[in-house]
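Comments concern the structure below.
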Amino acid sequence: QVQLVESGGGLVQAGGSLRLSCAASGRTFSSYMGWFRQAPGKEREFVAAINWGGGITDYADSVKGRFTISRVNAKNTVYLQMSNLKPEDTAVYYCAARYGYRSSQGNEYNYWGQGTQVTVSS
């Protein structure tokens, strides 16, 4: 069992920055961690993922170059640094964990947090 709790969401103006955190407890060793988001009326979409060692990262094309995923295993925490935010980034952001091969598909992740709201104003 893995428990995930997101934090750091809020309201920010377009062009601004925000850092999301995901605190994990339970079984975290060797996990792949991902960030997903879901806007009202839209399906959940992949944002970024990172392997246990931190050397393998994946990003959705829509956030590449603007978002950075990282993790500090000693703190059992994964981060999503978001820069140059756009109104299109407005969504509930979720962190997730899985075990196995790298994946950008939400259905392949086993554990999910409650989500944190990110709102980007024009």
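Quantities reported herein were computed from a predicted structural model and do not represent experimental measurements.
Without hydrogens or angle criteria, N51 side chain to G54 main chain gives a donor-acceptor distance under 3.5 Å. In this structure, S31 contributes its side chain and M33 its backbone to no donor-acceptor pair below 3.5 Å. Side-chain N or O atoms of N84 include none that pairs as donor or acceptor with a backbone N or O of R66 at under 3.5 Å. Within the 3.5 Å criterion, the main-chain N or O of I69 finds a donor-acceptor partner in the side chain of Y59.
Taking K42 as the reference, nothing meets the salt bridge (charged side-chain N to carboxylate O under 4.0 Å, His left out) condition, with sequence neighbours excluded. Residues passing the salt bridge (charged side-chain N to carboxylate O under 4.0 Å, His left out) test with R44: none are found, sequence neighbours excluded. A search for salt bridge (charged side-chain N to carboxylate O under 4.0 Å, His left out) contacts involving D58 returns R102, not counting sequence neighbours. Take T119 and apply the side-chain hydrogen bond (donor to acceptor under 3.5 Å, both in side chains) test, not counting sequence neighbours, and it matches Q117.
For the atom pair CD of E108 and CG of N110, the computed distance is 9.5 Å after rounding to the nearest 0.5 Å. Atoms CZ and CH2, from F67 and W35 in turn, are 11.0 Å apart once rounded to the nearest 0.5 Å. In this structure, the separation between OG1 on T57 and CZ on R71 is 12.0 Å, given to the nearest 0.5 Å. Atom CZ of R19 sits about 11.0 Å away from atom CE of M82, to the nearest 0.5 Å.
The minimum heavy-atom distance linking R37 with V63 is given by the pair NH1-CG1, 3.9 Å. Summarising the geometry of L4 relative to A24, their closest heavy-atom pair is CD2-CB, 3.6 Å, with the distance given to 0.1 Å. Of all heavy-atom pairs between G9 and L20, the closest is N-CD2, 3.6 Å. Residues Y109 and G34 approach most closely at CE2-N, 3.7 Å, considering heavy atoms. Here the shortest heavy-atom pairing between A14 and S122 reads CB-CA, 4.4 Å.
Sequence neighbours left out, not one pair with a member in residues 6-15 passes side-chain hydrogen bond (donor to acceptor under 3.5 Å, both in side chains).
Classified by interplanar angle (parallel below 30°, tilted 30° to 60°, perpendicular above 60°), the ring pair F46/F36 is perpendicular.
Look at D89 and K86 and you find no salt bridge, because none of the NZ, NE, NH1 or NH2 atoms lies under 4.0 Å from a carboxylate O.
Within the 4.5 Å cutoff, side-chain heavy atoms of Y99 are placed close to those of Y111.
Through ILVMFWY side-chain contacts below 4.5 Å, L11 is grouped with nothing and stands alone.
In the hydrophobic clustering of ILVMFWY residues, with side-chain heavy atoms under 4.5 Å counting as a link, L80 and I50 come out together.
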